[in-house]
There are 2 protein chains.
Amino acid sequence: MSERKQTKAPPVMAEADIAIVRIAPETSFKNKAYEALKEAILKMDIYATPEPVMLDERALSERLGVSRTPIREAIAMLEQDGFVKTVPRRGIVVVRRTKAEIVDMIRAWAALESMAARLITTTARKKDITALRDFFKDFGKDRLPQDHIEEYSKANIAFHQALISLSESQVLVDMTNDILLHVRGYRQLTIGRKDRTATSLPEHLAIIEALEARDTELAEKLARDHTLGLATYVETHGQELFS
Amino acid sequence: MSERKQTKAPPVMAEADIAIVRIAPETSFKNKAYEALKEAILKMDIYATPEPVMLDERALSERLGVSRTPIREAIAMLEQDGFVKTVPRRGIVVVRRTKAEIVDMIRAWAALESMAARLITTTARKKDITALRDFFKDFGKDRLPQDHIEEYSKANIAFHQALISLSESQVLVDMTNDILLHVRGYRQLTIGRKDRTATSLPEHLAIIEALEARDTELAEKLARDHTLGLATYVETHGQELFS
DNA sequence: TGAATATTTTTGGCATACCAAATACCAGAA
DNA sequence: TTCTGGTATTTGGTATGCCAAAAATATTCA
């Protein structure tokens, strides 16, 4: 069946062979609204005000220039993600996580990253592991992380994401990214990262070394303890912000 | 402010004290549809047929006796869960996971349960840990698990869920339950559980013992390896079912 | 007869209108 | 002034109708 069509009209097929990649399915308003709202929620500082942050369907639909229907579908999606919660006849409130939830999420993250490390020791290529050092090539004894916090913080997150990607497990990548999205806005987390920059770099390098040495147990342990350390920091120093 | 109201009109307040429990918020059609569709999807055997399973909005709305609007919102939610995928102008297809995805999910599960075990060794009460044995009290040398597979399988799942609950981390509980929902339908998983019943029980008991001994590292390792064993089984014996 | 083409049907996307519950607001009574 | 009742408004929930793209079907022409 298929070969007949292929060999049929060469001149005509020629233009069909050109990079037609099933063009952008022109994302629907629903998805556009979802992305827009998600970005807006992640951008705002949820923990800045004592009053709960509310969303209004009609206002949003007017704001984004679409009807309420796609907006409502987008909100249903965000609710599944755990970013908002709609209360019938009351409104849509942006979810604020408690300190305990944040700590729990970081622990889950530690578990997943630890598993990623384990997998990496058995499957990743040497060169890919070594490449992880590049994220920190701009830091050293002459250029301390704690003196360039913003820059180091970005390298830090990039490193963790690259690390997990090396596991070649899309599930682990997706789950940890999800967690990161929920946790990023928590102020104490950022502070925790800053306070820990001094010990952070050596720990990262130790993890890389264990991975290169294919020391499964050690890599797993180091990765776990590193992130678990952040959890402990937040648990100890973080204060409960409004309920 | 508050005490004044309390001491004001006793006779009137008397009737207000009657069990008024903020009646059931009567779940919306959207949520009812979500639950109904989710259950239907989980109940059906996705991997039984080569052809993709499709859903039809209009058919569903007629079937459930509601309009398309709540149906569409429910489907948007299910899509976030990863149970279905809607293709514009094509239809809504029930997602079928590949063997690799299933294996990855089981590995993530292993990571999370391992972390739960770790937490349990430091926080759970002795009696709660010991109570885990009850799930298997009906099995022993005189009544082997492999001779009562169905019964043991249920006890097995109940044990794992109870174990994770002991961590007192709602995040871990939710994440593992999610994974379980996605993985349960995969036939090779069930077969794997059956083939492994013989070694399963001793491994479970070993985990419980490590927990009771508050041996963090050991409990963590045993919990991890136990579930990782299932992942390996599926990876080795499971066959790719229709792409 | 077969393939290109026109037409009908199907299907998800979106806008709009209306409903009912919850709330906010306001006027009148104590 | 304060409390009570009632009314107007707000807000999420749902039903309907129409649109356009894609697929399925019918039709026409060589």
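Order of the sequence lines fixes the chain letters, A, B, ..., with proteins taken first and strands second; residue numbering starts at 1 for each chain.
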For the pair made of CZ in B/Arg58 and C1' in C/dG12, what is the distance, rounded to whole Å?
-> 7 Å
Residue pair B/His160, B/Asn156: steps toward the side chain to side chain donor-acceptor pair (under 3.5 Å) verdict = CA-CA 6 Å; B/His160 281 285; B/Asn156 188 2; 3.3 Å; yes
In Å, rounded to the nearest 0.5 Å, how long is the span from CZ of B/Arg72 to OG1 of A/Thr69?
-> 8.5 Å
For A/Arg89 and A/Val66, take the nucleotide of DNA chain C holding the closest heavy atom to each; which residue's nucleotide lies nearer the 5' end?
-> A/Val66
Would you mind reporting whether B/Tyr186 and B/Arg97 have side-chain heavy atoms less than 4.5 Å apart?
-> no
Rounded to whole angstroms, how far apart are CG on A/Asp56 and P on C/dT23?
-> 16 Å
Of all the choices, C/dT16, D/dA23, D/dG13, which nucleotide is nearest to the side chain of A/Pro88 once you look at every atom?
-> D/dG13
Select one nucleotide: of D/dA15, C/dG12, C/dC14, the one nearest the side-chain heavy atoms of B/Thr86.
-> C/dG12
Could you give the NZ-to-C1' distance, from A/Lys30 to C/dA15, as a whole number of Å?
-> 16 Å
To the nearest Å, give me how far apart CD (A/Glu57) and C1' (D/dT14) are.
-> 12 Å
Nearest whole angstrom, please: distance from the P of C/dT10 to the CD of B/Glu62.
-> 13 Å
Whole angstrom is fine here: how far is it from CZ in A/Arg68 over to C1' in C/dA17?
-> 10 Å
Tell me yes or no: between the side chains of A/Asp81 and B/Gln80, is some donor less than 3.5 Å from an acceptor?
-> yes
Taking OP1 and OP2 of C/dT23, is either one under 4.0 Å from a side-chain nitrogen or oxygen of A/Arg90?
-> yes
Select one nucleotide: of D/dG12, D/dA15, C/dC14, the one nearest the side-chain heavy atoms of A/Ile92.
-> D/dG12
Rounded to whole Å, the CD-P distance (A/Glu73 to D/dG12) equals 16 Å
What is the nucleic acid contact for A/Leu55, judged by heavy atoms within less than 4.0 Å: base, sugar-phosphate only, or nothing?
-> sugar-phosphate
So does B/Arg72 reach the base of C/dG12 with its side chain, donor to acceptor, closer than 3.5 Å?
-> no
Can you check the A/Tyr34 OH to C/dC14 P distance for me, whole Å?
-> 16 Å
Base of C/dT16 paired with side chain of A/Thr69 (donor-acceptor, under 3.5 Å) = yes
Pick from B/Ile120, B/Leu172, B/Val173: which one makes a side-chain contact (heavy atoms from CB on, under 4.5 Å) with B/Ser165?
-> B/Val173
D/dT14 phosphate, OP1 or OP2: any side-chain N/O from B/Ser67 under 4.0 angstrom?
-> no
